[in-house]
Structure formats: structure tokens, C-alpha cells
Amino acid sequence: MVGQRSDDTRREIRRTVAKTLVALVGMCVFAFALVPLYDVFCQVSGLNGKTSNQAQALAHEAVDQDRVVTMQFITRGSPGLPWSLEAHTRQVRVHPGQSAEVHFSFENLGDQASVARAVPSVTPSQASLHLRKLACFCFQNQRLAPGERFEAPLVFQLTRDLPADIKTVTLVYTLYRQDAAPSRGKGTSTRGGDA
């Protein structure tokens, strides 16, 4: 009788340990899958102002001449990246359905070549669903030699179905380092003597 209880207890302990290990593995898998799932959710819903990271086609629609939306451009650096990014135009006024082009300048102020990417976000986040980037430097990494400077265009369109209560859209580009050491990688744009 005591031996049978001992066997039953051991079986219960093994089952509990097995269930705990399965739950632990499931939590680890979920934790790793959460970031890509969150990115997909943000891309689809426009949450957090995330925009597409690929060129989009021009929406062929009539321009809404009765509405004007102010498009603002803000640029930010990040710690440890000696680059500057400037918008040549801080704001433009556009009609929904109209395409527009603005220019930005990148400059590597450091003494080493480095790779970075300008990551966009949109405020209000609902507007990110209506912002179409037709051409953007943000689609790929940029590599700059020490002291190198270059200009790049952003061609965009706000679609006509942008909610009527949105009068101002702010597009923020934040620079993030993409390399631990200078290197060339897939999806990196090179210019000048760095070809």
C-alpha cells in the first residue's frame, strides 16, 4: 500500500513537471513570436504610427481641393550615432490625393564609416493608414563614409479617405545605427567612393 502511494505520488510529480515544462516552452515560443506579431498588427492597424517599409503605388484619385492638410517633418538622432538628418522643409500643405516631394540631408559627422536607417513614425497614428510613401530613403539602410553628406527625397501622398478631423500629420524620422562595425550588407545603399 505504501509502495503504491509512492508510485502514484511519483507519477503525479512527473505529470506536474511535464505540464510545467510544456507551459514554459509555450511561454518562450510566445515571447519570441510576440515581437513579429506586434509589428504585423501595427502595420495592419496603424497602431503606434508605423508605416509601410516598402514603396507603395500612387493612388490614382482626384485631388480633394476643398481640404488642406499640414504635413510636418521632424528628425531625430540616436545616442552613439554621429549623424545628422535634416528636413529641408519643416512643413508643407497638401490636398488629400495630391502627391508631394520633400528632401532630407544626411551627414556622417564621425571619423568612421557607419550604417544607419531612418525609421518613420506618424502622428496621429490613424493617419499612418492614409500615408503612402512612393519613394523614401527609409526603405533601406544608408552607409556613409566619414564626413560624407547626401540628399534624398521623400515622395508621399495622403489619400482622400484621410479622416476629415485630421488637419495636421507629423512624420518623425529617427536614425538608428544598423552596424556594430562598418560593413556592407544586404539592403544597404552606398554612394560616392564607397561603391
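Just the heavy atoms: all of them, side chains too, but no hydrogens, waters or symmetry mates, feed the values below.
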Phe137 ring center within less than 6.0 Å of Phe106 ring center:
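Yes, close enough.
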To the nearest 0.5 Å, tell me how far [X] [atom1] sits from [Y] [atom2].
| X | Y | atom1 | atom2 | value |
| --- | --- | --- | --- | --- |
| Phe104 | Cys138 | CZ | SG | 9.0 Å |
| Ile74 | Leu85 | CD1 | CG | 12.0 Å |
| Gln65 | His95 | CD | NE2 | 4.5 Å |
| Lys133 | Leu131 | NZ | CG | 6.5 Å |
| Ile166 | Thr123 | CD1 | OG1 | 10.5 Å |
| Ser84 | Arg76 | OG | CZ | 16.0 Å |

List the atom of [X], the atom of [Y], and the distance in Å for their closest heavy-atom pair.
| X | Y | answer |
| --- | --- | --- |
| Leu158 | Met71 | CD1-SD, 4.2 Å |
| Asp161 | His130 | OD1-ND1, 3.1 Å |
| Pro120 | Leu171 | CB-CD1, 3.9 Å |

Glu12: side chain to side chain contact (heavy atoms under 4.5 Å, CB included) partners, not counting sequence neighbours:
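Side chain to side chain contact (heavy atoms under 4.5 Å, CB included) list for Glu12, sorted by chain: Arg15.
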Val115 and its side chain to side chain contact (heavy atoms under 4.5 Å, CB included) partner, picked from Arg177, Arg143, Gln142:
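Looking at Arg177, Arg143, Gln142, the match for Val115 under the side chain to side chain contact (heavy atoms under 4.5 Å, CB included) is Arg143.
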Among Thr170, Val92, Val172, find the residue that satisfies the side chain to side chain contact (heavy atoms under 4.5 Å, CB included) test when tested with Phe73.
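So, applying the side chain to side chain contact (heavy atoms under 4.5 Å, CB included) to Phe73 and each of Thr170, Val92, Val172, only Val92 qualifies.
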Is there a side-chain contact between [X] and [Y] in this structure, where contact means two heavy atoms from C-beta onward sitting under 4.5 Å apart?
| X | Y | result |
| --- | --- | --- |
| His103 | Thr89 | no |
| Val119 | Arg117 | yes |
| Trp83 | Ser114 | yes |
| Val69 | Val169 | yes |

When you measure from the side chain of [X] to the backbone of [Y], do you find a donor-acceptor pair of N or O atoms at a distance under 3.5 Å?
| X | Y | result |
| --- | --- | --- |
| Ser99 | Phe156 | no |
| Gln72 | Gln91 | no |
| Arg67 | Pro96 | no |
| Asn108 | Leu144 | yes |

Assess, by modelled atom type and distance only, whether the side chains of Thr159 and Arg132 contain a donor and an acceptor separated by less than 3.5 Å.
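Per modelled atom types, Thr159 and Arg132 side chains form no pair under 3.5 Å.
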Whether the Glu86 and His88 side chains hold a donor-acceptor pair (N or O, under 3.5 Å, no angle test) is what I'd like checked.
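Side-chain D/A pair, Glu86 to His88: absent.
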Could you walk me through whether Thr75 and Arg90 pass side chain to side chain contact (heavy atoms under 4.5 Å, CB included), step by step?
CA-CA 10 Å; Thr75 58; Arg90 289 290 177 189; 4.1 Å; yes
Assess whether atom CZ of Arg93 is packed by more than 12 heavy atoms of other residues, nucleotides or ligands within 6.0 Å.
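No, CZ of Arg93 has 12 or fewer neighbouring heavy atoms, counting only those of other groups under 6.0 Å.
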Quick one: hydrophobic cluster around Ile13, which other residues, with the 4.5 Å side-chain cut-off, linked directly or via members?
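Grouped by the 4.5 Å side-chain rule, Val17, Leu21 form the rest of the cluster around Ile13.
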